[in-house]
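Values reported hereafter were calculated over all heavy atoms of this structure, with side chains retained and with hydrogens, waters and symmetry mates removed.
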2 protein chains.
Amino acid sequence: MLDNKEITIYDIASKLNISTATVSRALKDDPVVSKKTKKKVFDLAEQMGYRSNHFARNLRSQRTETIGVIVPRLNSYFMSTVIAGIESVANQAGYNLIISQSSESTDNEKMNAKTMFNNRVDGLLVSLAYDTDDLSHFDIFHKKNIPLIFFDRVSEHVHSSNILIDNRKAAYGVTSHLISQGCRKIAHITATSDSNVYVDRLAGYTHALADHSIAADKEYIIYSDLSQEAGAAAAQHILQMKHRPDAIFVANDNCAVGCMLALKQAGIRIPGDIAFAGFNNDPVSTVVEPNLTTINYPGYEMGETAARHLINHLNGNASMHIANTILLRSELIVRASSEKRR
Amino acid sequence: MLDNKEITIYDIASKLNISTATVSRALKDDPVVSKKTKKKVFDLAEQMGYRSNHFARNLRSQRTETIGVIVPRLNSYFMSTVIAGIESVANQAGYNLIISQSSESTDNEKMNAKTMFNNRVDGLLVSLAYDTDDLSHFDIFHKKNIPLIFFDRVSEHVHSSNILIDNRKAAYGVTSHLISQGCRKIAHITATSDSNVYVDRLAGYTHALADHSIAADKEYIIYSDLSQEAGAAAAQHILQMKHRPDAIFVANDNCAVGCMLALKQAGIRIPGDIAFAGFNNDPVSTVVEPNLTTINYPGYEMGETAARHLINHLNGNASMHIANTILLRSELIVRASSEKRR
DNA sequence: TTGTAGGCGTTATCAT
DNA sequence: ATGATAACGCCTACAA
């Protein structure tokens, strides 16, 4: 038995012989309505299976209670963790999430942004695609005063906040750690991307070398797409180098693992011949043998922070302009892959 | 400079001295409108920065172009892959996604369902929480004729479709494979859950043993929460068993990996002493050594199928009642962890 | 081919 | 404490 007829406040009002205005007020617990009336309204609404119509409400109130999320990929450990964090905060605060992925394509990102805009999200959380440099597709949000927060893959945009970790510092720490283990010929595998994430990690690596008076060698900077397969390919390249590195710092764990496995297969001992460090603290880092030294990247917390920051702003509880950039703490986790001395 | 004033079809109509009806029709490319008028409308709309108001439209049309998704957890490899699949199809078809996680709690699931209902999703895709057995919180959807599709963690509900793999058959295949490798004392690590997923895998395991005239031993069925830590704990249990198994089939890869690592640490050789098989084809399965034999679970495809199925139904292109259950193909991937003979 | 006008369900403003 | 009523922006009979 289907009852497709939706109950509206008119139905409740007419049954109770009161006005829709009173019903509307009662339903939102307006203190101006008498307790008696409220109870009658609540009970009847419950009994008739009333549900409020968000669209009518949004149409009136010009708010949607919806947050848009655009990420490069949904199916990575890191990103799904971030999204779990966002969801938990948003859900608690009564906000809905609409989520889309750019698949690392700036064109998709533009379309996604437009969709979000047309859906009139109250605010937007974005992690940029690999090679997005022009941010003009986000201008419309600023024009309509819709708050925009970038996380992880961020970009300097005058009117938006950024939430990220200090990639430079983290990479500096990793590299220094490798140096402290006696390594001098340290390679770095990074992405062919201008994203802050990889640029900053490279900068941290470079600075650490310089601070320890180790000459930088261009040959030791290897560009890839950071996939596990790319790690294996990088391994082949490394095997053929004249001056093999004695340590490799990879910009993410997945790629590090691919590289490690391939080198091991070729008879290289880790960390004996080559020490290893990754980035992210992905689950694979505790599965690969030896376990991978890495940076713990607090994805869940980043999601929570981004969502909370945005919602606070929407509620007028905090000004987004004050905290233009929020840096989350990250930490070095030393595991066997880099312990040459113990 | 902010312009918060929204452009409506009224603005366009009055500027062009035509009616809103014509503008509305032109905007949706109604063939009844003259090309000339259409062009004028399009151009002006573009120029004025018009965007249609979904809420007004939804309020009229009683549709939302939104699909709700409820999953137990967002941050697992499998689930994020499924969601990526859903997103790609939904986005292509012009549907939005609103996503929430039950965190394996039936209470959360109920709240999520209610939220989805109040948001008037056009349809709902659900993977059930660990211990949901009563499905009455989904009755409201059926009452309003809102299509509901379960995937992976499903349940027999008269009015909904299920999309899953044949867990029983897959588990039967895994177990038979282990038997073919010469194993006779095969343990199974599963979840303390009545979910079809684990019940069916257990059934497949049991049947395979029976079909090969191997006596089932209750001691060989180990219950856990299937986390990596639980795998390690199971390993301790196994080490203390009088009659140690010579093979272990674990209901997911994560837990299998945790168990393998702990056993290896204790000096057990894999597959020599104990062969291993998991389930899901999670990335860790190709990182652990030896690589883990597993079942390839087509998560992305499952997401695509679920979304496509739902959208077809919403568009009236296919009846959901015809295909009440859709089984996706899964396949055994044999890797070193189970190859006793080669 | 275009226009008129009513209604989708809610909320805010003004009265009472 | 409650009611009447006008928006919110769009769509679609029906009329012209």
Axial bend angle, the helix from C:dT1-D:dA16 to C:dT16-D:dA1: five-pair end segments, nearest 10°: 30°
Sugar-phosphate, base or nothing in reach of A:Asn17, heavy atoms under 4.0 Å: sugar-phosphate
Test ring-ring contact (aromatic ring centres under 6.0 Å, His included) applied to A:Tyr50 - qualifying residues, sequence neighbours left out: none
D:dT2 phosphate, OP1 or OP2, under 4.0 Å from A:Ser34 side-chain N/O: yes
Passing option when A:Ser80 is tested against B:Asn75, B:Thr81, B:Ile83 for side chain to side chain contact (heavy atoms under 4.5 Å, CB included): B:Asn75
Approximate separation, where rounding is to 0.5 Å, of A:Thr66 OG1 and A:Met116 CE: 10.0 Å
N/O donor-acceptor pair under 3.5 Å between B:Glu304 side chain and B:Gly85 backbone: no
OP1 or OP2 of D:dG9 under 4.0 Å from side-chain N/O of A:Gln62: yes
Sugar-phosphate only, base, or nothing, as touched by A:Val32 at under 4.0 Å among non-hydrogen atoms: base
Exam field: side chain B:Lys38 to backbone B:Asp30, donor-acceptor pair closer than 3.5 Å: yes
Interatomic distance where CG belongs to B:Asn58 and C1' belongs to D:dT12 [whole Å]: 16 Å
Output field: ring centroids A:Phe78/A:Tyr300 closer than 6.0 Å: no
Distance, rounded to the nearest Å, where A:Asp30 contributes CG and D:dT2 contributes C1': 11 Å
Length of the CG-P vector between B:Asp29 and C:dT1, whole Å: 13 Å
Residues A:Thr8 and A:Asn53: side-chain donor-acceptor under 3.5 angstrom: no
Within 45° cone and under 6.0 Å: A:Arg51 NZ/CZ vs B:Phe117 ring: yes
Minimum side-chain heavy-atom gap B:Asp122-B:Thr64 below 4.5 Å: yes
Given DNA chain C, 5'-ward residue of the pair B:Leu59 and B:Ser19, judged by closest heavy atom: B:Ser19
Summary of protein contacts for nucleotides 10-16 of chain C, nucleotide by nucleotide, where a base hit scores B, a sugar-phosphate-only hit scores S (4.0 Å, heavy atoms): BBBB---
